[in-house]
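Order of the sequence lines sets the chain letters (A, B, ...), proteins ahead of strands, with each chain counted from 1.
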Protein chains: 4
Amino acid sequence: MNKVILVGRLAQDPEVRYTQSGKAVASFTLAVNRFGGGQGQNSADFIPVVAWEKLAETCGNNLTKGQRVLVEGRLQIRSYETNDGQKRRVAEVVAQSIEFLERKQASGTDAGNIDINSFGKDVFPDEEIPF
Amino acid sequence: MNKVILVGRLAQDPEVRYTQSGKAVASFTLAVNRFGGGQGQNSADFIPVVAWEKLAETCGNNLTKGQRVLVEGRLQIRSYETNDGQKRRVAEVVAQSIEFLERKQASGTDAGNIDINSFGKDVFPDEEIPF
Amino acid sequence: MNKVILVGRLAQDPEVRYTQSGKAVASFTLAVNRFGGGQGQNSADFIPVVAWEKLAETCGNNLTKGQRVLVEGRLQIRSYETNDGQKRRVAEVVAQSIEFLERKQASGTDAGNIDINSFGKDVFPDEEIPF
Amino acid sequence: MNKVILVGRLAQDPEVRYTQSGKAVASFTLAVNRFGGGQGQNSADFIPVVAWEKLAETCGNNLTKGQRVLVEGRLQIRSYETNDGQKRRVAEVVAQSIEFLERKQASGTDAGNIDINSFGKDVFPDEEIPF
DNA sequence: TTTT
DNA sequence: TTTT
């Protein structure tokens with residue numbers, strides 16, 4: 001079991017890129033407010049989120065900065081090497097499903113939640129995230 | 001909501017340190033197997049976990065390398081500066097409760113699970129993790 | 001581990017009652033939409049939720065029918081006897097924390113989430129729910 | 001979001017039945033110990049679990065009474081009518097994935113966890129559970 | 001680097 | 001109705 005559930009707001013618009021084999025990858029940072037923390041409500045964790053394939057495209061088409069979402073996924077620790085040869089590790093949440101808790105700005109009536117899912121092997125991608 | 005639930009095995013014995021004000025902090029890496037990933041069961045995420053105060057001490061006294069546990073906590077992104085002045089970010093799971101899924105090696109009879117909890121502000125510590 | 005996480009809307013205003021020893025208990029039904037189910041978005045599960053003590057009072061003072069919330073708690077199976085002596089079992093979620101995903105109707109500005117928590121033994125109450 | 005995560009032991013061997021259209025359904029009760037409850041460790045919740053199709057068959061073939069598992073699923077409230085025309089509601093967890101936390105009795109070496117999954121519409125079955 |  |  002490797003389960004992460006986050007409720008927060010997009011700190012920026014999602015970026016959608018494509019791998020060499022043509023798979024879509026969306027990435028964005030989620031601002032997750034801390035409750036109960038010492039510093040009041042102004043403190044947050046800024047957590048990197050990635051989504052693959054169909055889920056990535058739905059993110060690109062439907063999510064914008066500031067929007068509140070619920071992300072369910074797994075926590076992944078990825079190793080990479082910097083340009084000058086240093087080894088680094090980066091943590092990110094690989095989204096399995098995203099529930100929109102509010103509609104995109106300038107949209108029409110609030111028609112309730114949308115829930116989009118990504119199942120199967122895309123949650124364990126065997127390709128590098130581009131860039 | 002910032003919730004992480006992991007089942008895995010300790011990749012090493014927990015290290016227990018103390019802050020200047022005397023608070024215990026335990027840290028260890030949890031090896032969480034990937035299921036459904038392309039590379040079979042031999043692939044795992046190695047996830048840093050920290051625990052504070054009473055929970056930290058229970059970890060130090062009861063957990064050893066290889067033991068299987070369930071960790072519930074929150075995902076925290078922490079910023080720090082390296083000795084040569086670079087800014088880095090590190091992700092870690094701040095444990096709120098740990099359930100032992102098996103007893104310590106060389107212990108007696110299997111008397112069932114133990115569940116230890118850490119509540120309140122220790123989950124949002126206002127002190128640095130020592131070292 | 002006995003963990004339940006629900007996002008839904010209150011199907012009715014919470015009812016707050018008091019045990020003989022004076023503990024507050026709030027109860028309400030949460031309508032949780034099914035996504036991916038065959039019948040489109042019109043299908044929902046109606047799930048009984050109870051909260052104790054301070055959390056109960058916050059529910060009574062801040063939640064109304066239709067409001068969207070995130071509930072974290074545990075699933076409890078409770079046995080009771082009907083007036084004519086039949087044994088029945090009822091399932092309910094005992095809330096440990098509730099996050100308000102939107103403000104009460106007719107409230108002021110949207111000042112962001114509120115998160116309320118109930119920890120410790122109230123999650124395993126040793127008293128009957130009144131009525 | 002309708003998410004349930006349970007760790008417990010099978011209170012009995014799973015029963016596997018088949019719907020009229022031939023779908024497998026496994027059902028069993030999970031004994032989930034309460035930690036932190038007033039009555040010590042001897043108190044538990046007995047929670048009904050169902051699994052569909054391939055997941056159901058894997059349960060039937062691999063799980064036995066007393067075995068410890070982790071169940072991830074959704075909480076469903078189902079209505080039915082008794083033989084004498086009374087309306088009743090029953091709660092059960094519809095499993096989406098089950099992780100074996102220990103091997104079947106009389107099995108060989110402990111080769112680590114097994115994780116089995118059930119995705120898509122089987123989690124929202126449109127058929128009745130037989131019997 | 002960041003959201004409300 | 002129930003597990004260790």
Could you tell me how far apart [X] ([atom1]) and [N] ([atom2]) are, to the nearest whole angstrom?
| X | N | atom1 | atom2 | value |
| --- | --- | --- | --- | --- |
| R89(C) | dT2(F) | CZ | C1' | 9 Å |
| I77(B) | dT2(E) | CD1 | C1' | 13 Å |
| F100(D) | dT4(F) | CZ | P | 17 Å |
| R34(D) | dT3(F) | CZ | P | 16 Å |
| L10(D) | dT4(F) | CG | C1' | 12 Å |
| K65(D) | dT4(F) | NZ | P | 7 Å |
| E102(B) | dT4(F) | CD | C1' | 15 Å |
| I47(A) | dT1(E) | CD1 | P | 15 Å |

Side chain Q67(B), main chain E102(B), donor-acceptor under 3.5 Å: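 Here the side-chain-to-backbone pair exists.
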
Main-chain N/O of R74(C) paired to N2(C) side chain as donor or acceptor, under 3.5 Å: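 It does not hold such a pair.
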
Please determine, for the side chain of [X], which listed nucleotide ([options]) has the closest atom?
| X | options | result |
| --- | --- | --- |
| A11(A) | dT3(F), dT4(E), dT2(E) | dT2(E) |
| N33(A) | dT4(E), dT2(E), dT3(F) | dT4(E) |
| R9(D) | dT3(E), dT2(F), dT3(F) | dT3(F) |

Stacking check F46(D) vs dT1(F) (5.5 Å / 30 deg):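 So F46(D) does not count as stacking on the base.
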
Pair R89(B), S79(B): side-chain N/O donor-acceptor within cut-off below 3.5 Å: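 Note: R89(B) and S79(B) side chains meet the donor-acceptor criterion.
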
pair L70(D)-V7(B): side-chain heavy atoms closer than 4.5 Å: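 Side chain of L70(D) against side chain of V7(B), heavy atoms only: contact under 4.5 Å found.
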
